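A short write-up of the structure that comes next.
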Amino acid sequence: MTVKTLSRNLTFWVLLAIVTGALLGHFAPATAVEMEFLGKRFIDVVKLFINPIIFLTITLGISTMGDLKKVGRIGGKALLYFEIVTTLALVIGVAVAAVVRPGDGVSVGKLSTEKVGEFTKRAGDFSWGHFLADNLTLQVLLLSIVMGVVLSKYAGRKSIIQLLKKASGYVFRGLHYVMLLAPIGAFGGMAYTIGKYGIATLLPLGKLMVTVYVTMALFIFIILGGILRYCRIGMLSFLKYIKAELLIVLGTSSSEAGLPGLMEKLERMGCAQPVVGLVVPTGYSFNLDGTTIYLSLATLFLAQVFHIELSGAQILTMMGILMVTSKGAAGVAGSGFVVLASTLTALKVIPVEGLALLLGVDRFMSEARSITNFIGNGVATIFLAHNEGALDHDMAEEALGKRMKPFRWRKDYTSGEYLGEVAEQASEAARLLKNKQEGPL
């Protein structure tokens with residue numbers, strides 16, 4: 001790669017910004033902490049694009065789909081997929097914590113419980129009604145579905161659809177300009193994290209940190225990688241395709257910062273617009289694989305720190321609580337601690353004050369949670385698109401830059417008919433061979 005090409009590569013600049021921010025945080029922590037506003041402002045600007053993109057993508061997708069039964073089927077399959085995969089993530093987190101036991105030997109010392117009360121109060125105030133009322137993304141999602149259904153039944157929808165398509169083009173063009181500022185946001189986020197908490201804070205809880213990161217890496221490459229392999233797509237190819245968004249999520253510790261870019265790239269690699277529009281936004285509230293793994297590990301970690309041996313019934317109770325409360329994590333500020341506090345309160349066995357142990361390292365583990373959640377939602381969209389016959393494999397092949405095996409059957413998404421792709425390819429090959437043999441006159 002030439003210097004000129006490298007200078008135009010967004011991934012390079014984001015990575016450079018992350019390294020620079022980490023160095024500033026380590027050598028000049030006071031200055032680095034003041035850089036927090038850069039990361040926050042960048043995320044705030046990106047959030048301005050999220051709801052318009054969701055609204056336009058879903059409304060256009062449903063209004064042009066034709067068959068509304070497909071919309072309901074995709075939504076139902078998505079929720080079922082979310083429940084199965086997040087439950088699997090929960091089981092994996094519990095199993096790893098039970099085997100590795102990261103809490104053994106950790107000294108409680110003098111816990112500073114000043115901030116713990118804030119999280120326990122939020123946990124007590126949490127309700128599904130508040131979650132739905134405060135989660136603007138879900139509200140926009142529901143409004144978009146209604147608008148798409150209404151528009152699909154309206155006879156004069158053609159002019160409205162053209163207007164929405166034009167608006168969508170302007171929104172994505174604006175987003176591309178904003179993403180040029182991603183290195184600034186990543187620099188601010190990383191500088192603040194290192195400057196505020198410091199690398200030294202990782203040492204006492206190093207075993208927990210390593211356990212969390214290794215568990216999530218195994219989940220990504222084995223579980224999610226296996227799901228992608230079923231779709232004839234390699235995990236490494238997919239990660240390379242979304243590497244710029246992954247670095248933005250890493251630098252800002254926010255999976256929301258990469259959401260618009262992920263939606264655009266999934267469409268570019270051949271996932272049907274309605275599937276992307278329905279699955280990705282819903283997944284940000286209900287498909288939190290990384291958060292689920294972290295919560296299960298952290299709960300058992302605290303039990304081990306306080307030498308509390310949970311019975312099988314208590315572990316099942318904890319898993320049942322997390323299966324419900326983790327679904328609302330994305331709609332609450334400080335979500336990890338809020339859900340963790342509500343779980344400990346409900347169990348009434350592990351001291352809630354133990355949360356103070358995690359305050360210093362939570363920011364570092366939030367990167368792992370955000371990246372795992374981010375990748376998990378991308379994989380969910382690809383899987384559901386493939387399952388619905390709504391994944392254009394030729395586009396995926398071109399986007400990922402890798403030749404994939406042909407599929408025996410492909411479902412035409414507009415007509416619902418199954419087409420023999422192998423037969424089509426054989427017929428095309430025979431035609432080309434015949435033309436070659438006949439040659440020019």
Side-chain angles (χ1 to χ4, degrees), residues 49-86 131-132 135-153 157 161 164-165 167-168 171-172 175 224 227-228 231 238 242 245 255-256 258-289 327-328 330-331 373-392 395-396 411-414 416:
F49 287 84
I50 292 176
N51 291 321
I53 286 174
I54 290 172
F55 177 79
L56 291 167
T57 301
I58 297 179
T59 303
L60 282 170
I62 294 176
S63 61
T64 55
M65 185 184 289
D67 187 358
L68 296 179
K69 289 182 180 179
K70 291 180 181 177
V71 178
R73 186 172 67 240
I74 293 169
K77 284 183 178 180
L79 293 176
L80 178 61
Y81 172 93
F82 295 159
E83 191 57 45
I84 292 173
V85 176
T86 52
F131 166 64
L132 292 172
N135 196 319
L136 183 59
T137 298
L138 276 185
Q139 294 172 19
V140 172
L141 176 66
L142 294 173
L143 176 63
S144 306
I145 292 173
V146 172
M147 285 294 294
V149 172
V150 171
L151 197 57
S152 67
K153 300 293 184 182
R157 63 179 177 274
I161 288 175
L164 291 177
K165 284 183 177 179
S168 179
V171 169
F172 276 108
L175 176 64
L224 298 181
I227 293 172
L228 275 188
C231 303
F238 179 62
I242 60 169
E245 287 72 24
S255 55
E256 286 186 327
L259 183 147
L262 177 65
M263 293 180 70
E264 184 180 16
K265 282 197 171 180
L266 287 170
E267 285 189 43
R268 196 186 302 163
M269 69 174 285
C271 294
Q273 191 179 58
V275 179
V276 175
L278 283 171
V279 177
V280 175
T282 311
Y284 266 65
S285 291
F286 296 100
N287 186 39
L288 305 173
D289 302 329
K327 298 297 186 293
N373 291 340
F374 185 80
I375 296 171
N377 282 314
V379 172
T381 306
I382 293 171
F383 171 79
L384 290 163
H386 168 72
N387 187 262
E388 276 291 304
L391 176 61
D392 188 319
M395 288 180 66
K411 186 178 180 182
D412 186 271
Y413 198 64
T414 54

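For clarity, every value in this text was computed on a predicted model and none was experimentally measured.
Between F49 and L175, the shortest heavy-atom distance links the atoms CE2-N, 3.4 Å. Nearest heavy-atom pair across M263 and G277 is CE-CA, 4.2 Å. When all heavy atoms of M395 and E267 are compared, the pair lying nearest together is CE-O, 3.7 Å. Nearest heavy atoms, A380 versus F82: CB-CE2, 4.0 Å. When all heavy atoms of L266 and F238 are compared, the closest pair comes out as CD2-CE1, 4.2 Å.
Rounding to the nearest 0.5 Å places CG of L384 at 9.5 Å from CG of L80. To the nearest 0.5 Å, atoms OG1 (T381) and CG (L262) are separated by 6.5 Å. Considering CE of M269 and CD of E264, their distance stands at 14.0 Å, rounded to 0.5 Å. To the nearest 0.5 Å, the span separating OG on S144 from CG on N51 amounts to 8.5 Å. The line from CG of L56 to CE of M147 is 10.5 Å long, rounded to the nearest 0.5 Å. Rounding to the nearest 0.5 Å places CD1 of I375 at 9.5 Å from CG of L228.
Considering only heavy atoms from C-beta on, E245 comes within 4.5 Å of K265 through its side chain. When side chains are defined from C-beta on, T282 counts as touching L79, because their heavy atoms get closer than 4.5 Å. Side chains of L391 and I382 form a contact here, defined as non-hydrogen atoms less than 4.5 Å apart. In this structure, the side chains of L143 and Q139 stay at 4.5 Å or more apart for every pair of heavy atoms.
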message: Run the side-chain contact (heavy atoms from CB on, under 4.5 Å) test on I145 and L278 for me, step by step, so that the C-alpha distance in whole Å, both residues' side-chain angles and the decisive distance to 0.1 Å come before the verdict.
response: CA-CA 9 Å; I145 292 173; L278 283 171; 3.7 Å; yes
message: Between V146 and V150, is the side-chain contact (heavy atoms from CB on, under 4.5 Å) condition met? List the steps.
response: CA-CA 6 Å; V146 172; V150 171; 4.3 Å; yes
- request: Could you walk me through whether N377 and V279 pass the side-chain contact (heavy atoms from CB on, under 4.5 Å) test, one step at a time?
  value: CA-CA 8 Å; N377 282 314; V279 177; 5.8 Å; no
task: Please test Y81 against I227 for side-chain contact (heavy atoms from CB on, under 4.5 Å), starting from the C-alpha separation and ending with a verdict.
output: CA-CA 11 Å; Y81 172 93; I227 293 172; 3.5 Å; yes
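Side-chain atoms of D289 do not come within 3.5 Å of backbone N or O of N373 as any donor-acceptor pair. Judged by distance alone, the side chain of S168 and the main-chain N or O of L164 form no donor-acceptor pair under 3.5 Å.
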